[in-house]
Enquirer: 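Would you mind keeping the following structure in view while I ask a few things?
The chain is numbered in sequence order, starting from 1.
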Amino acid sequence: MKAFATIGLLILSNIFMTFAWYGHLKFKEMSWFSSLGLPLIILISWGIALFEYCFQVPANRIGFEGNGGPFNLWQLKVMQEVITLVVFTVFTTVLFRNESFRWNHAVGFLLLVAAVFFIFKK
């Protein structure tokens with residue numbers, strides 16, 4: 001159960017992180033957003049990132065084996081990176097139609113999945 005809670009929280013965390021880091025690139029197309037200066041855009045992104053931390057911190061606390069969870073730090077980190085790439089890929093292909101997913105991206109992602117395999121191997 002802790003494994004599923006950790007993964008779910010990491011997914012939610014990464015959704016907010018992706019919007020905080022990259023959402024402003026798409027939202028600039030909105031008339032009200034396009035007129036905002038960089039300091040205000042940074043503050044808005046920071047506000048979105050607060051929600052990322054509201055999910056990331058509990059995910060790591062619940063999932064960490066030192067707190068009774070099923071994952072060590074290496075596993076948590078690599079799992080988070082793969083989740084980040086999956087969320088980023090969905091975000092990019094849905095919102096940024098001019099960005100294409102190419103074969104080299106797929107190969108790179110497969111290598112990261114291989115990294116997860118080796119990190120979790122005993």
Enquirer: Once rounded to the nearest 0.5 Å, what's the spacing between atom CD of Glu81 and atom CG of Leu10?
Expert: 10.5 Å
Enquirer: Measuring from Leu85:CG to Thr18:OG1, what's the distance to the nearest 0.5 Å?
Expert: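 So the CG of Leu85 and the OG1 of Thr18 are separated by 9.5 Å.
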Enquirer: Under 3.5 Å, side chain of Thr93 to main-chain N/O of Val90, donor-acceptor pair present?
Expert: yes
Enquirer: Tell me whether Leu38 is reachable from Leu40 by hopping between hydrophobic residues (I, L, V, M, F, W, Y) whose side-chain heavy atoms are closer than 4.5 Å.
Expert: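 Cluster IDs for Leu40 and Leu38 differ.
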Enquirer: So, Asn14 side chain and Met17 main chain: donor-acceptor pair closer than 3.5 Å or not?
Expert: no
Enquirer: Going hydrophobic residue to hydrophobic residue with side-chain gaps under 4.5 angstrom, can you get from Trp103 over to Leu111?
Expert: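 Yes, it is one cluster - the side chains of Trp103 and Leu111 are joined through contacts under 4.5 Å.
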Enquirer: Do Tyr22 and Tyr53 share a hydrophobic cluster, counting only Ile, Leu, Val, Met, Phe, Trp and Tyr and linking them when any side-chain heavy atoms are less than 4.5 Å apart?
Expert: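 Per the 4.5 Å side-chain linkage, Tyr22 and Tyr53 are not co-clustered.
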Enquirer: In the single-linkage hydrophobic clustering (I, L, V, M, F, W, Y; side-chain heavy atoms under 4.5 Å), do Leu76 and Phe120 co-cluster?
Expert: yes
Enquirer: A quick test of your reading: do over 12 heavy atoms of other residues, nucleotides or ligands sit less than 6.0 Å from CZ of Phe109?
Expert: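 Count over threshold, so yes.
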Enquirer: How long is the straight-line distance from CZ of Phe101 back to OG1 of Thr92, given to the nearest 0.5 Å?
Expert: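 Going from OG1 on Thr92 over to CZ on Phe101, the span is 10.0 Å.
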Enquirer: Apply the test side-chain contact (heavy atoms from CB on, under 4.5 Å) to residues Phe19 and Phe27: give CA-CA distance (whole Å), side-chain angles for both, the deciding distance (0.1 Å), then the verdict.
Expert: CA-CA 10 Å; Phe19 273 97; Phe27 299 148; 3.6 Å; yes
Enquirer: Measure the spacing between OG1 of Thr6 and CD1 of Ile11 and express it to the nearest 0.5 Å.
Expert: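 Thr6 atom OG1 to Ile11 atom CD1 measures 11.0 Å (nearest 0.5 Å).
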Enquirer: Checking the side chain of Lys2 only, and the main-chain atoms of Ile62 only, is there a donor and an acceptor separated by less than 3.5 Å?
Expert: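 The answer is no, because no donor-acceptor pair under 3.5 Å joins these two groups.
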Enquirer: Taking the six-membered ring for Trp, are Phe64 and Phe71 ring centroids under 6.0 Å apart?
Expert: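 For Phe64 and Phe71, the ring centres are not under 6.0 Å apart.
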Enquirer: Can you hop from Leu50 to Ile42 via hydrophobic side chains spaced under 4.5 Å?
Expert: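 The answer is no; the residues belong to distinct hydrophobic clusters.
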Enquirer: Identify the two heavy atoms, one from Phe51 and one from Phe55, that lie closest to each other, and give their separation to 0.1 Å.
Expert: O-CD1, 3.1 Å
Enquirer: Just verifying a value: how many Å separate Asn60 CG and Gln80 CD, rounded to the nearest 0.5 Å?
Expert: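 Asn60 CG to Gln80 CD: 8.0 Å, rounded to 0.5 Å.
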Enquirer: For Ala20 and Ser45, which heavy atoms make the closest approach, and how far apart are they?
Expert: O-OG, 3.0 Å
Enquirer: Would you say the side-chain atoms of Glu99 pair up with the backbone N or O of Phe96, donor to acceptor, closer than 3.5 Å?
Expert: no
Enquirer: Could you tell me whether the side chain of Ile44 reaches within less than 4.5 Å of the side chain of Leu36, counting heavy atoms only?
Expert: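 Yes; the side chains approach each other to less than 4.5 Å.
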Enquirer: Hey, could you give me the CD1/CG distance between Ile119 and Asn72, rounded to the nearest 0.5 Å?
Expert: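 So the CD1 of Ile119 and the CG of Asn72 are separated by 8.0 Å.
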Enquirer: Between Asn67 and Gly69 (side chain of the first, backbone of the second, donor and acceptor by atom type, cut-off under 3.5 Å), is there such a pair?
Expert: no
Enquirer: Is there a donor-acceptor pair under 3.5 Å between the side chain of Ser13 and the backbone N or O of Leu9?
Expert: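 Answer holds: no.
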